[in-house]
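Only this structure's heavy atoms are used, side chains among them; waters, hydrogens and symmetry mates stay out.
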Amino acid sequence: MARKYSLEKKAEADDSLLERLNPAQREAASHFEGPLLILAGAGSGKTRVMTHRIAWLISNKGVHPEEILAMTFTNKACHEMRERVDGLLEDQRASERVTISTFHSLCARLLRLHARKINLSADFVIYDDADQTSLIRRVMEDNDRGSERSEARRLRGFIEKMKNDALTPHQAHEQAFDGATEQDVDFYEAYQTQLRASNCVDFGDLILGVLEIFRLHPDLASSYSRQWRFVMVDEFQDTNAAQYELLKHLTCEHTNLAVVGDDDQAIYRWRGATVANILGFEEGFPTAKVVKLEQNYRSSQVILDAANDVIQLNWRRREKKLWTERQGGEPITYFTASDDREEAQFVAQRIFEMARDGLEYSSFAVFYRTNAQGRAFEEQLRFHGSPYQVVGGVSFYAREEVKDVLAYLKIALNPTNEVDLLRVINKPTRGVGKSTIDKLRVAGVFGQVEGLWGAVGYAVNDEPNTGPAPMQHGWLPGMGPGGALIDPALADVAGLKGRSLKGIREFHDLVVFVQDSLRASSSLAQTVQGLLERTRFFEWLLTSDPERAEDRQQNVAELVNAIAEFEKEWFPDPGERTKEPRAQRILRAFLDRSALIQSTDNLDERGAVTLMTVHGSKGLEFDTVFLVGMEEEIFPSIRDNDPDELDEERRLAYVAITRAERKLFITNAQRRRVYGTIRNTAPSRFVLDIEPERLKVDPRSSSRFVDFARPTYSNQRERWQKDLVAVGTKEWEFDQSPETRKGSIGKALDQLRARNSDDEFSQLTPWEDLPAAAAPENVHDVSHWGVDAGDPDDLTGKTVTHAKFGIGKVKAVSGKGDEAKLTIRFPTVGEKKIVRRFVRIL
DNA sequence: GGTGTTTTGGTTTTT
DNA sequence: CCAAAACACC
């Protein structure tokens with residue numbers, strides 16, 4: 001077969017393509033056939049290597065673009081890779097023909113193509129987590145397994161685990177599991193049966209479904225394997241057993257599998273990922289070549305050293321040491337606040353100052369362990385007027401109102417999808433309550449109709465006015481019009497009347513209306529618009545929850561927008577003639593995309609501080625990073641009850657630290673509100689693991705908890721054992737007595753105090769203005785950073801800020817000094833009398 | 001069947 | 001403390 005692409009580029013292509021890579025990168029990028037493991041440390045240019053290898057295979061080895069498959073975990077990584085391959089290849093069309101995809105969207109495509117091989121129809125709908133949970137709860141009810149939330153959670157976890165481990169219910173029955181009973185496996189089977197009956201799949205099924213197909217039809221796997229002669233995988237450390245098996249199928253005809261990953265950055269163990277895949281890669285692929293990328297192009301030496309201090313204590317890892325040409329660097333600033341609020345104040349204050357001195361807001365990021373911690377930082381940033389964006393949280397497509405609209409569309413496509421049907425059968429409220437729904441469900445399960453939709457059809461069919469219902473699903477001959485009963489299970493449904501029946505009819509006709517519209521209309525956006533009008537959706541949002549109505553209406557409007565845009569981008573020709581109605585085709589494509597997309601994928605706002613969890617930060621980099629809430633029981637999390645999980649927390653800390661390019665702040669608080677109660681905290685062991693000389697303690701720190709001893713381990717095994725003990729007894733304690741402060745951060749603070757005046761911090765804030773050991777009731781007071789100037793008492797007309805009410809103007813003053821009472825006018829709440837020490841004068 | 005009120009329980013979350 | 005879900009009430 002002719003290999004055109006090599007002819008177009010001359011020998012010089014070889015050099016020009018790879019010459020900008022370092023030797024290790026070049027070795028990896030120019031690896032041709034056979035398995036390859038690239039151990040790529042943080043910031044060592046792994047995407048660069050992958051994209052160059054793709055380009056190199058095409059232009060220097062004559063590989064056809066169609067023969068290359070590159071897999072990522074996120075859409076974002078996928079887009080980035082495609083863009084960069086684009087940039088490297090002269091032939092634009094060549095790069096388009098490379099398959100670059102996330103695991104899940106590739107599998108969704110394969111599953112659609114071959115759905116029938118495992119008793120699915122090609123219009124299956126993809127359930128998200130919420131849908132999955134609601135199905136689980138229903139199956140629990142149907143099987144008398146109670147309805148406790150925690151039990152539902154546990155079962156969901158179990159099912160997810162089975163799927164991550166690539167086990168079908170049948171296989172699960174053959175294996176014994178710790179903590180799982182025979183009933184759990186039975187439940188898994190029942191759930192799976194229900195899922196298939198609804199013609200739906202969950203996320204786990206996307207992979208497992210394809211595995212089932214490949215297991216049943218090895219020839220099919222072979223043919224794909226022959227098509228994709230070169231397979232590449234990004235973030236390989238986060239693959240689970242199912243994804244690993246998928247890769248095995250895809251490489252059954254060759255062993256050209258190149259994986260890139262970093263075992264030190266494996267942070268999705270709780271999601272079923274297994275580091276064993278990367279640690280034991282050579283066992284699965286014995287002839288594998290291993291290349292280590294250890295030169296870091298992102299961070300300063302100080303930051304890398306700190307990261308290394310933390311990660312080197314892990315027990316099982318591939319030894320590597322990152323290095324950089326950027327020697328030295330700014331020391332890491334360590335700050336301990338007296339409470340969580342002060343911690344946030346500190347961060348917001350530093351950002352404010354640095355932004356004032358010329359740094360872009362977008363060069364800052366705040367990383368926390370749990371989403372709940374983000375609020376305090378939002379508040380303080382808002383108080384300073386600094387723009388910020390919170391990444392993560394509820395995805396756009398997971399919003400209630402958005403899901404409601406999509407539910408109607410999904411039902412129109414596939415009415416057997418009962419989760420969505422139950423979701424909106426009474427939305428907007430139309431008189432279909434619990435008892436009516438129960439009747440329908442009983443009929444759907446035991447009656448001679450097919451499922452819920454069948455029952456709905458039956459209920460509305462005996463009314464002469466509506467005419468025959470479209471019974472693609474579930475109408476049986478012999479079940480006469482006019483309510484001629486032949487089945488006792490349907491009696492209750494046939495007996496429905498009044499408001500309930502009217503409501504059911506309304507719902508039924510609505511779905512039919514959408515179905516008709518999908519067939520007739522050339523525009524999906526138009527169909528949705530019609531649906532919204534007919535249901536008076538916006539009105540309903542307003543009346544049902546006026547508080548949040550505006551927001552929610554906006555979200556729905558946003559959805560219509562997204563659909564219209566999607567339509568324009570992917571289906572630009574409205575007159576196009578196809579077998580399937582146009583709107584329906586668009587809907588199918590749109591649903592897949594919305595199921596597999598994450599809200600964080602396209603939210604790359606410029607000019608704002610980024611707030612996110614440490615998990616969210618993987619793969620990103622920022623000039624200045626604030627790693628906050630570094631306390632025992634938060635980071636590492638209190639939930640971690642075995643050493644493997646602690647190792648993962650350590651990796652998580654490593655990921656966070658290595659995101660910083662130039663400057664890293666580490667902060668914590670000595671007291672923190674946890675679920676409403678105030679708890680004392682201890683500094684995270686990960687902070688203590690960093691060599692003290694790399695940390696510069698900010699002198700504004702609350703001193704009490706800065707004075708602690710650094711635990712020393714003679715080796716990794718000891719560290720591991722200490723973690724074990726600590727975890728076992730939950731009594732990890734740091735000796736805080738002065739005598740035992742050897743090499744401690746406390747000592748560093750002492751030295752700092754001795755040096756006092758010429759310290760860089762004393763220029764930021766005069767030593768005198770530092771909060772002296774603040775009395776507890778002063779903790780929420782921001783005034784200790786306020787600096788008085790001019791006549792200290794006449795404040796009339798001055799602009800002030802208050803932690804709660806924001807910016808206001810002083811109208812009148814009575815009294816003197818800190819206790820003076822100010823009458824302040826706030827635009828938000830009007831006039832308030834406030835004691836002076838609670839406001840800050842601008 | 002629709003609505004307020006009490007109770008419960010609470011990581012991380014690429015798809 | 002705060003949001004979702006179960007519960008009680010109109």
Result for 5'-nearest mapping on DNA chain B, choosing between A:Arg153 and A:Gly616, is A:Arg153
**Message:** Classify A:Ser150 by what it touches in the nucleic acid, base, sugar-phosphate, or nothing, heavy-atom distance under 4.0 Å.
**Reply:** nothing
- prompt: Is the ring of A:Trp270 stacked on the base of B:dT12, with centres less than 5.5 Å apart and planes under 30° off?
  reply: yes
Is there a side-chain contact between A:Asp264 and A:Val655, using heavy atoms and a 4.5 Å cut-off? no
**Prompt:** Taking side chain as C-beta onward, heavy atoms only, is A:Arg84 less than 4.5 Å from A:Arg48?
**Reply:** yes
Rounded to whole Å, the CD1-P distance (A:Ile437 to B:dG1) equals 8 Å
Rounded to whole Å, OH of A:Tyr368 lies from P of B:dT11 at a distance of 15 Å
Between A:Lys434 and A:Ala595, whichever has its closest DNA chain B nucleotide further toward 5' is A:Lys434
**Item:** Sub-6.0 Å ring centroid separation between A:Phe367 and A:Phe626
**Value:** no
Q.
Can a donor-acceptor pair be found, under 3.5 Å and without considering hydrogens, that links the side chain of A:Ser637 to the backbone of A:Ile634?
A. no
Give A:Ser435 one of three labels, base, sugar-phosphate or nothing, depending on what nucleic acid heavy atoms sit under 4.0 Å from its own. sugar-phosphate
Under a 4.0 Å heavy-atom criterion, the protein footprint on nucleotides 1-10 of chain C, written with B, S and -, is B-S-SS----
Rounded to whole Å, CG of A:Leu501 lies from C1' of B:dG1 at a distance of 15 Å
note: A:Lys618, atom NZ; B:dT13, atom C1'; distance rounded to Å ~ 12 Å
For this output row, return yes or no: ring centroids of A:Tyr268 and A:His615 closer than 6.0 angstrom. yes
*Has A:Asn75 got a side-chain N or O lying under 4.0 Å from the OP1 or OP2 atom of B:dT15?*
yes
Min side-chain heavy-atom separation A:Met232-A:Met71 under 4.5 Å: no
Measuring to OP1 and OP2 of B:dG1, would you say a side-chain N or O of A:Thr436 lies under 4.0 angstrom away?
yes
In whole angstroms, the gap separating C1' of B:dT12 from CZ of A:Phe686 amounts to 13 Å
Closest of B:dG2, B:dT11, B:dT15 to the A:Thr429 side chain is B:dG2
query = So, A:Glu401 and A:Asn555: side-chain donor and acceptor under 3.5 Å apart, yes or no?
reply = yes
Regarding the side chain of A:Thr613, the nearest nucleotide among B:dT12, B:dT15, B:dT11 is B:dT12
In whole angstroms, the gap separating C1' of B:dT15 from NZ of A:Lys163 amounts to 14 Å
Is a donor-acceptor contact shorter than 3.5 angstrom present between the side chain of A:Arg369 and the base of B:dT12? yes
Could you go step by step and tell me if A:Lys163 and A:Gln192 meet the side-chain hydrogen bond (donor to acceptor under 3.5 Å, both in side chains) rule?
CA-CA 11 Å; A:Lys163 293 191 174 178; A:Gln192 201 65 7; 2.9 Å; yes
Using a heavy-atom cut-off of 4.0 Å across all strands, would you classify A:Phe103 as base, sugar-phosphate, or nothing?
nothing
To the nearest angstrom, the CG-P distance between A:Leu646 and B:dT12 comes to 17 Å
Which word best sums up how the rings of A:Tyr244 and A:Phe236 line up, parallel for under 30°, tilted for 30 to 60°, or perpendicular for over 60°?
tilted
What contact category does A:Asn371 fall into here, base, sugar-phosphate, or nothing, at under 4.0 angstrom with non-hydrogen atoms? sugar-phosphate
Next on the checklist: Suppose we call two aromatic rings close when their centres sit under 6.0 Å apart. Are A:Tyr127 and A:Phe203 close by that rule?
Outcome noted: no
Which of B:dT13, B:dG1, B:dT15 is nearest the side chain of A:Arg499? It is B:dG1
Counting only Watson-Crick and G-U wobble pairs with both atom distances below 3.5 Å, the stems of 3 or more consecutive pairs that include DNA chain B are B:1-10 with C:1-10
Discussion item. Just by distance, no angles: are the side chains of A:Asn417 and A:Asp420 close enough, under 3.5 Å, to form a donor-acceptor pair?
Written reply: yes
Atom CD1 of A:Ile597 and atom P of B:dT14 are separated, to the nearest Å, by 13 Å
Q. Are any of A:Thr72's side-chain N or O atoms less than 4.0 Å away from OP1 or OP2 of B:dT14?
A. no
